[in-house]
A.B. asks: 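Have a look at the structure that comes next, please.
Within every chain, numbering begins at 1; the chains are lettered A, B, ... in the order of the sequence lines, protein sequences first and strands thereafter.
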Number of protein chains: 2
Amino acid sequence: MTNIHDIAKLSGFSVSTVSRVLNRKNYVSDDAREKIEAVIKQMDYVPNDVARDLSRGKTYNIGVVLPYTKHAYFNQVLNGIMAEAYKQGYRVLILLSNYDKNKELEFLEQLRRKAFDALIFTSHGLPLEEIAKYLKYGQIVCCQNPNNVKIPAAYTARVSTYVKALSWVKEQGYKKIGIMQNRDYHVSATSEKTIRAYKQVFGEMPDSKLIVNDVTTYDNGYQAGEYYNKCSEKPDFVFANSDDIATGLRQYYLDNQLQVPPFMGQENQLPSQILKFSTIDHQLTKVGSAAFDVATSGEDKIVCIPSKFINRK
Amino acid sequence: MTNIHDIAKLSGFSVSTVSRVLNRKNYVSDDAREKIEAVIKQMDYVPNDVARDLSRGKTYNIGVVLPYTKHAYFNQVLNGIMAEAYKQGYRVLILLSNYDKNKELEFLEQLRRKAFDALIFTSHGLPLEEIAKYLKYGQIVCCQNPNNVKIPAAYTARVSTYVKALSWVKEQGYKKIGIMQNRDYHVSATSEKTIRAYKQVFGEMPDSKLIVNDVTTYDNGYQAGEYYNKCSEKPDFVFANSDDIATGLRQYYLDNQLQVPPFMGQENQLPSQILKFSTIDHQLTKVGSAAFDVATSGEDKIVCIPSKFINRK
DNA sequence: CTGAAAGCGCTAACAA
DNA sequence: TTGTTAGCGCTTTCAG
């Protein structure tokens, strides 16, 4: 393997001059540049990224923690992150957590060991306080409102939009609202916000029989439909946690020749556009790119992206 | 930032002894180990991964090239890769290509610069021959049958299963087979195999009006339904390229109170299980983990994973 | 069982 | 404009 020293020797210049032409930095005479470039080409030489990283103390790698790859939420945030990363010349490492706290800790340790320059938690099982402890080792960004925990964040303003959406639901006269969530509201900040908005609008907690947890995919939505149909308490409206999921729900009723209850989705994906049902656009791609920006800025910023209730009825 | 030298100095041992306790390698006296571990703990020290990588000439990073993140195919292969990577202590870098040849070349260059130990192409725009040229710089694995190109691969045996599936379709008496594909068969090896199997079974090329390209999502499937419905030539059976996509297709007909044509899917996802339609299980998760194994083995292996036609009618 | 020293390959401050 | 040299932080051979 040929290295920068070989190029220096063969071209008759020093390593620093070679480094300069490699990085197009500082002055190098045309003569030197030409000769060095000739040798580089002849030897088919490229610099070693790892050595460069070590020397600069920077890897241009960003770690992204995802619980899983299938839910629309993560897909969209990830796409936002990746688009921005590509623009800025960074690489993205996917770190699958499954909400496993030990894995999350492992990723934090890797940040500490400088395996990447920053870490973005699209969601997390570990308490934010625990995560924040690692801030002294490197930049960390979370994708939710950190409230009183001091940690950089990029997130979407959920509650106010949930309130708007649920107020509309209430105005329509619906009373028994089925709620589908990713995780139980005791552990999920997003679910907690949903419940909070519900309480604010309806003045009471939702009926626990009408809350379905662990719903993340189209198929889960379908299964939720089955659950509701067999449930003693039937919803007169369903507040789904994504358009895909809402579509799965709807499908269950259709497949069984049942009346589909009115419902709304989230994420403003194609299904709600095609089928024309109401939804919430959380602007997750923007959240992703904002999270990335915060990550590379290294600053202790908090960015809130407004979301929109899209009323299609 | 404290480093291995600091630990050596503070503990009174040499860096090599410290390195030994860090790596639990070779003999270290209990006394030395205890003292060194005490200092490590006290100083809150962890080794630097980049330095370690440089020294060892290995990063434990694997690059995975994906055209995009939404199609089921990539999701499944990726999950297989990640599961195996996690087991073996590797990290996964996502490299989005969009089938852009320049980006793919860029990724190959990064391999050459040792940014990762190996590169897996789940699919590619560049000709395989071009990709194979980079094998001298590092391990590369592709996820299709490389035929006469000499390059490591892990892929699913498609043609024989396509033939089985299409033969069954033919036996049922269907004649106008709608075919949905990811990309045109002139550029996609997978689509080409579909067409080849079709020719083998039906003895002629499929009607080009019945082939829809650029179908990768549920929504595209829905749109394809619209296309077929407005097409002068209507399919009496549709061979979809995933279960999700088939479901989108079906949905179009249902939403418009039209008779859903018989169809089959691919990937054996939940929709085909729930709705009980035929499908093909390409065992993509296995392809992913096999691809990963080939990547880390460094050998010029070719692994073919058998796929299965699942007849549910 | 331990240590010295030579890498790994590149960057950048400083001197010339 | 170019070169010298001291890092970046760790691994590993070879001697002892």
Side-chain angles (χ1 to χ4, degrees), chain A residues 1-37 39-40 43-61 89 109-117 137-138, chain B residues 1-37 39-40 43-61 89 109-117 137-138:
Chain A
M1 192 87 295
T2 126
N3 65 26
I4 199 173
H5 284 102
D6 300 330
I7 303 300
K9 209 161 294 168
L10 288 168
S11 64
F13 290 87
S14 72
V15 289
S16 39
T17 304
V18 175
S19 177
R20 283 181 197 110
V21 346
L22 248 26
N23 299 294
R24 313 174 191 294
K25 236 183 181 178
N26 302 320
Y27 298 109
V28 177
S29 68
D30 288 346
D31 176 56
R33 160 162 294 113
E34 276 168 30
K35 281 188 184 149
I36 289 172
E37 279 174 347
V39 175
I40 286 176
M43 299 301 292
D44 193 29
Y45 164 79
V46 284
N48 179 306
D49 272 356
V50 181
R52 180 177 281 189
D53 289 349
L54 175 61
S55 187
R56 292 203 273 225
K58 208 176 161 184
T59 62
Y60 288 94
N61 283 162
E109 283 296 328
Q110 295 189 16
L111 171 69
R112 193 176 162 195
R113 301 162 84 118
K114 308 289 179 202
F116 22 78
D117 299 345
Y137 303 120
Chain B
M1 189 86 301
T2 127
N3 65 26
I4 200 172
H5 284 102
D6 301 329
I7 303 300
K9 210 161 292 167
L10 289 168
S11 64
F13 289 88
S14 71
V15 289
S16 36
T17 304
V18 176
S19 176
R20 284 183 198 109
V21 346
L22 247 27
N23 297 294
R24 314 173 193 295
K25 238 183 180 178
N26 303 321
Y27 296 110
V28 177
S29 67
D30 288 347
D31 176 59
R33 160 162 295 114
E34 276 167 30
K35 283 187 182 148
I36 290 172
E37 279 175 347
V39 175
I40 286 176
M43 299 302 291
D44 194 29
Y45 164 78
V46 284
N48 179 306
D49 272 357
V50 181
R52 181 176 280 189
D53 290 348
L54 175 61
S55 188
R56 293 205 271 226
K58 206 174 162 184
T59 63
Y60 289 93
N61 284 162
E109 284 295 329
Q110 295 189 15
L111 171 70
R112 192 175 161 195
R113 299 161 85 119
K114 308 288 178 202
F116 21 78
D117 299 345
Y137 303 121

A.B. asks: Roughly, in whole Å, what's the span from CZ in B:Arg33 to P in C:dC1?
C.D. replies: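 Checked: the CZ to P distance equals 10 Å.
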A.B. asks: Who are the side-chain contact (heavy atoms from CB on, under 4.5 Å) partners of B:Asn61, not counting sequence neighbours?
C.D. replies: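 So B:Asn61 forms a side-chain contact (heavy atoms from CB on, under 4.5 Å) with A:Asn61, A:Leu93, B:Thr59, B:Arg91, B:Leu93, B:Phe116.
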A.B. asks: How many angstroms lie between atom CZ of B:Arg20 and atom OG of B:Ser16, to the nearest 0.5 angstrom?
C.D. replies: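 Rounded to the nearest 0.5 Å, the CZ-OG separation comes out at 4.5 Å.
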A.B. asks: Rounded to the nearest Å, what distance is computed from the CG atom of residue B:Asp53 to the P atom of nucleotide C:dG9?
C.D. replies: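 Atom CG in B:Asp53 sits about 13 Å away from atom P in C:dG9.
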A.B. asks: Grab the two heavy atoms, one from A:Asn48 and one from B:Lys114, that are nearest each other, plus how far apart they are.
C.D. replies: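 Looking at all heavy atoms of both residues, the closest pair is ND2-CG, 3.7 Å.
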A.B. asks: Which residues satisfy the ring pair (Phe, Tyr, Trp, His ring centres under 6.0 Å) test with A:Tyr45, sequence neighbours excluded?
C.D. replies: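 Scan of A:Tyr45 (ring pair (Phe, Tyr, Trp, His ring centres under 6.0 Å), adjacent residues dropped) gives none.
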A.B. asks: Please enumerate all residues that pass salt bridge (charged side-chain N to carboxylate O under 4.0 Å, His left out) together with B:Asp31, with sequence neighbours excluded.
C.D. replies: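 B:Asp31: salt bridge (charged side-chain N to carboxylate O under 4.0 Å, His left out) contacts with B:Lys35.
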A.B. asks: Among residues at least two apart in sequence or on other chains, which ones pass side chain to side chain donor-acceptor pair (under 3.5 Å) with B:Ser19?
C.D. replies: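 For B:Ser19, the residues satisfying side chain to side chain donor-acceptor pair (under 3.5 Å) (neighbours in sequence not counted) are B:Asn23.
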A.B. asks: So, using side chain to side chain donor-acceptor pair (under 3.5 Å) as the criterion, who are the partners of A:Tyr137 when residues are at least two apart?
C.D. replies: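 Partners of A:Tyr137 under the side chain to side chain donor-acceptor pair (under 3.5 Å) test: B:Asp44.
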A.B. asks: Using the side-chain contact (heavy atoms from CB on, under 4.5 Å) criterion, which residues pair with B:Ile36? Sequence neighbours excluded.
C.D. replies: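 In terms of side-chain contact (heavy atoms from CB on, under 4.5 Å), with neighbours along the sequence ignored, B:Ile36 is linked to B:Ile7, B:Ser11, B:Phe13, B:Thr17, B:Val18, B:Val21, B:Ile40.
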A.B. asks: From NZ of B:Lys9 over to P of C:dA4, roughly how many Å is that when rounded to an integer?
C.D. replies: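 Checked: the NZ to P distance equals 12 Å.
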A.B. asks: For B:Glu109, check side chain to side chain donor-acceptor pair (under 3.5 Å) against everything at least two apart and list the hits.
C.D. replies: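 So B:Glu109 forms a side chain to side chain donor-acceptor pair (under 3.5 Å) with B:Arg112, B:Tyr134.
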A.B. asks: Nearest whole angstrom, please: distance from the P of C:dC10 to the OH of A:Tyr60.
C.D. replies: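 It works out to 16 Å between those atoms.
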A.B. asks: Can you give one letter per nucleotide of nucleotides 11-16 of chain C, going 5' to 3': B for a protein heavy atom under 4.0 Å from the base, S for sugar-phosphate only, - for none?
C.D. replies: BB----
A.B. asks: Would you grab the first and last nucleotide of DNA chain D (5' to 3') that comes under 4.0 Å of any non-hydrogen atom in chain A?
C.D. replies: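 Footprint of chain A along DNA chain D, 5' to 3': D:dT1 to D:dG9.
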A.B. asks: For A:Lys9, what residues pass the side chain to side chain donor-acceptor pair (under 3.5 Å) criterion, not counting sequence neighbours?
C.D. replies: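 A:Lys9 satisfies side chain to side chain donor-acceptor pair (under 3.5 Å) with no residue once adjacent residues are dropped.
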A.B. asks: Expressed in angstrom and rounded to an integer, what is the separation of A:Asn3 atom CG from C:dG9 atom C1'?
C.D. replies: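 Taking atom C1' of C:dG9 as the reference, CG of A:Asn3 is at 6 Å.
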A.B. asks: Identify, with sequence neighbours excluded, every residue that meets salt bridge (charged side-chain N to carboxylate O under 4.0 Å, His left out) alongside B:Asp53.
C.D. replies: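 Here no residue qualifies.
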A.B. asks: Rounding to 10 degrees, work out the angle separating the end axes of the helix from C:dC1-D:dG16 to C:dA16-D:dT1 (five pairs an end).
C.D. replies: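 The end-segment axes of the helix from C:dC1-D:dG16 to C:dA16-D:dT1 are tilted 40° relative to each other.
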